[in-house]
Amino acid sequence: MTNFTFSTTRTIINEAGAARRLATICEEQGARSVMLVTDEGIIGAGLLERILPSFQQSALQLTVFKDVEADPSDTTVMAATEAARRANVDYVVGFGGGSSMDVAKLVALLAHPQCKQPLSDMYGVGNARGVRLPLLQVPTTAGTGSEVTPIAIVTTGATTKAGVVSAVLQPDIALLDAELTTGLPPHVTAATGIDAMVHAIEAYTSAVKKNPVSDLLAKEALRLLSSNLMVAVKDGNNIQARSNMLLAALYAGQAFANAPVAAVHALAYPLGGHFHIPHGLSNSLVLPHVMRFNAPKAAHLYAELAPVVMGDAANVGSNEEKTAALITWLEQQTINTGLPTRLRDCGIREDAVAMLASEAMLQTRLLGNNPREVTEADALAIYQAAY
Ligand SMILES: NC(=O)c1ccc[n+]([C@@H]2O[C@H](COP(=O)([O-])OP(=O)(O)OC[C@H]3O[C@@H](n4cnc5c(N)ncnc54)[C@H](O)[C@@H]3O)[C@@H](O)[C@H]2O)c1
Ligand SMILES: [Fe+2]
């Protein structure tokens, strides 16, 4: 018997086109002054135009904060918070990828009239406290699952990514509208989809808090992701594939919110912090090499995932053979998406790997979840293999 606690976002609305009635949903929740946290790319893709009519027809006051950047900084979080305070916002909507949703989470907490805690005191697990404004998340990428996680990732200073992890950040409502994701460019679909796959794989092999519910969700996420990612990359307008991807990213988010991610993310963060490589691509670049490193401790778990991804035909051979087949399948899938597969193809100099390894060791929150202990020498070897 496994003792465990499982938490998630209390309401999930899964409906193509539902974002068109976003204002009504906010009003039903008692909102009067809403802040929408988003980025220029979302606006450029015409997504704001889908929701503005519903706000114009409502009595709601709407403030749009559109200055979120990829891998958002603490400065951006505070700028959004100031704007929310000035507008007396009483309801926060994250509208975008993980970057916009993560900023929205922190704005909901920091802009609450009772919040006295500075952002700098919130990093780490369980350090952010208090009450926050109501929070609804609308993902426009099928990737981070931030709509169902109690996690916000912030770039602090110039290059370091740090996480705020606290139950107070768990969003109230997740609204999945697949129509918002049909315009995602193929490389963003690929990178964000692989991020979701990594969430599922790392949740399934997490050394901490892995449990029967997170396992169930991780497996179903991987089944959906492996059968829909290439369809969505090739035909962005396939609404069924887009919907499956969004649901899968949500399942993977629910899994890793309760069975946290590990060394793939720890080694991916310095790539985002220093070289602005998109989060999903950073994960994808180190994934096969971390899996090979983890295999001596996690092959029995990877072996259970091989048939989920490749079908029953993959259910032959030893755990090590199934693990090797799974890694090869993942590498081939990345090639099929057209994403780069090596650090050298992403503008990274070879002499940067030592710095990357030293930076990755700072991600103690994540490394502690890994099935196999990672030393700095191990991290260096993994980056070298990925180079
Ligand atoms: N909170 C969590 O649990 C969690 C988990 C994993 C990652 N993250 C964080 O999330 C961030 C990454 O989020 P992401 O991968 O979703 O990317 P993102 O939010 O940074 O967006 C990437 C790009 O895609 C564009 N975009 C988004 N949706 C679009 C759409 N529908 N059409 C056209 N363009 C669109 C954006 O404008 C942006 O330029 C990182 O900061 C990462 O650390 C958070
Ligand atoms: Fe991630």
Side-chain angles (χ1 to χ4, degrees), residues 8-9 19 37-48 50 66-74 76-77 94-106 135 137-156 160-166 169-171 174 176-203 232 236 242 245-246 249-250 252-258 260-262 264-273 276-284 286-287 363 366:
T8 195
T9 294
V37 181
T38 190
D39 70 42
E40 293 276 12
I42 306 288
I43 294 177
L47 300 188
L48 197 58
R50 312 232 182 145
K66 59 172 176 48
D67 295 334
V68 176
E69 73 280 38
D71 302 306
S73 67
D74 41 9
T76 298
V77 171
F95 188 73
S99 299
S100 295
M101 290 193 285
D102 284 3
V103 173
K105 284 175 178 172
L106 292 167
L135 175 64
Q137 300 280 37
V138 186
T140 64
T141 60
T144 68
S146 179
E147 67 277 11
V148 288
T149 73
I151 305 166
I153 309 292
V154 179
T155 305
T156 60
T160 305
K161 295 191 76 170
V164 180
V165 185
S166 168
L169 294 184
Q170 186 77 52
L176 305 188
D177 177 352
E179 285 181 6
L180 298 174
T181 64
T182 53
L184 264 180
H187 67 282
V188 184
T189 302
T192 50
I194 292 173
D195 183 30
M197 289 186 123
V198 173
H199 295 157
I201 294 169
E202 293 213 284
R242 290 297 194 182
M245 291 295 294
L246 264 182
L250 178 136
Q254 289 177 316
F256 91 87
N258 292 278
V261 293
V264 179
H265 274 75
L267 272 71
Y269 280 166
L271 296 173
H276 302 291
I277 296 175
H279 174 71
L281 176 56
S282 303
N283 275 318
S284 164
V286 293
L287 173 68
Q363 300 293 338
L366 301 170

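When a ligand or atom number is given, it counts from 1 through the structure's own listing order.
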Is the side chain of Q363 donor-acceptor paired with the backbone N or O of Y269 at a distance under 3.5 Å, no angle test? no
Any N or O on G280 sitting closer than 3.5 Å to an N or O of ligand 1? no
Return the closest protein heavy atom for atom 44 (C) of ligand 1 as residue, atom name and distance. D102 OD2, 3.1 Å
Below a 4.0 angstrom heavy-atom separation, can you tell me which part of E40, side chain or backbone, both or neither, approaches ligand 1? neither
Please compare I194, L47, T192 and report which has the shortest non-hydrogen distance to atom 15 (O) of ligand 1. T192
With atoms numbered from 1 as shown, which atoms in ligand 1 lie under 4.0 angstrom from a non-hydrogen atom of K105? 1 (N)
Determine if the distance from atom 21 (O) of ligand 1 to the closest protein heavy atom is below 4.0 Å. no
Considering only non-hydrogen protein atoms, determine which one is nearest to atom 18 (P) of ligand 1 and report residue, atom name and distance to 0.1 Å. S99 OG, 3.5 Å
Among all protein heavy atoms, pick out the one at the shortest distance from atom 2 (C) of ligand 1; state its residue, atom name and that distance to 0.1 Å. T149 OG1, 3.5 Å
Any side-chain donor paired with an acceptor under 3.5 Å for Q170 and T9? yes
Which is it for D39 and ligand 1 at heavy atoms under 4.0 Å: side chain, backbone, both or neither? side chain
Would you say that L271 contacts V286 through its side chain, given a criterion of any heavy-atom pair below 4.5 Å between the two side chains? yes
Suppose I only count heavy atoms of G97 and a 4.0 Å limit; which atoms of ligand 1 are within that range? 16 (O), 19 (O)
Should L176 and P139 count as side-chain neighbours, where that means a heavy-atom distance under 4.5 Å? yes
Determine whether any protein heavy atom is located less than 4.0 Å from atom 25 (C) of ligand 1. no
Within ligand 1, which atoms have a heavy atom of I153 less than 4.0 Å away? 43 (O), 44 (C)
Do V68 and I42 pass the side chain to side chain contact (heavy atoms under 4.5 Å, CB included) test, and can you show the C-alpha distance, the side-chain angles, and the key distance before you say yes or no? CA-CA 10 Å; V68 176; I42 306 288; over 6 Å; no
Which of the atoms in ligand 1, numbered in the order shown and given with their element, are less than 4.0 Å from a heavy-atom of P72? 41 (O)
Part of D71 with heavy atoms under 4.0 Å of ligand 1, whether side chain, backbone, both or neither: both
Proximal ligand 1 atoms for A70, defined as those under 4.0 Å from one of its heavy atoms: 20 (O)
Tell me the contacting part of H199 for ligand 1: side chain, backbone, both, or neither, using a 4.0 Å heavy-atom threshold, strictly below. side chain
What protein heavy atom is closest to atom 14 (P) of ligand 1, reported as residue, atom name and distance in Å? G98 N, 3.5 Å
If we ignore angles and hydrogens, is there a donor and acceptor under 3.5 Å between the side chains of D102 and S146? yes
What part of A45, side chain, backbone, both or neither, has a heavy atom within less than 4.0 angstrom of ligand 1? side chain
Indicate yes or no for a side-chain donor-acceptor contact from S282 to the backbone of I277 under 3.5 Å, with no hydrogens or angles considered. yes
Please work out whether any backbone atom (N, CA, C, O) or any side-chain heavy atom from C-beta onward of T140 is under 4.0 Å from ligand 1, and answer side chain, backbone, both or neither. both
Metal-centred angle, the Fe ion (ligand 2) as apex - NE2 of H265, NE2 of H279, 10° resolution: 100°
Check all N, O or S atoms of D195 and name the one closest to the Fe ion (ligand 2). OD1
I'd like to check which ligand 1 atoms, numbered from 1 as shown, lie under 4.0 Å from a non-hydrogen atom of I151. 1 (N), 2 (C), 3 (O)
Right, does atom 39 (O) of ligand 1 have protein non-hydrogen atoms nearer than 4.0 Å? no
Minimum side-chain heavy-atom gap V198-V261 below 4.5 Å: no
Is the backbone N or O of G280 less than 3.5 Å from a side-chain atom of S284, with the two atoms forming a donor-acceptor pair by type? no
Check K105, Q254, Q137 against E147 for a side-chain contact (heavy atoms from CB on, under 4.5 Å) and give me the one that passes. Q137
Step-by-step side chain to side chain contact (heavy atoms under 4.5 Å, CB included) determination, D195 to H265: CA-CA 9 Å; D195 183 30; H265 274 75; 3.4 Å; yes
Side chains of L281 and H187, heavy atoms from C-beta outward: is any pair under 4.5 Å? no
Atom 23 (C) of ligand 1: nearest protein contact (heavy atom, Å): V188 CG1, 4.6 Å
Identify, by atom number and element, the atoms of ligand 1 in contact range of G41, meaning under 4.0 Å from any of its heavy atoms. 37 (O)
Please identify which of these residues, T156, D71, T155, meets the side-chain hydrogen bond (donor to acceptor under 3.5 Å, both in side chains) condition with K161. D71
Ligand 1 to T141 polar contact by distance, N or O atoms, under 3.5 Å: yes
To the nearest 0.5 Å, how far apart are CD1 in I153 and OG1 in T144? 9.5 Å
Side chain of S100, backbone of G97: donor and acceptor closer than 3.5 Å? no
About how many Å separate OG1 of T181 and CG of L47, when rounded to the nearest 0.5 Å? 9.5 Å
Atom 34 (N) of ligand 1: which protein heavy atom is closest, and how many Å away? L184 CD2, 4.1 Å
For K161, atoms of ligand 1 separated by under 4.0 Å from a heavy atom: 40 (C), 41 (O), 42 (C), 43 (O)
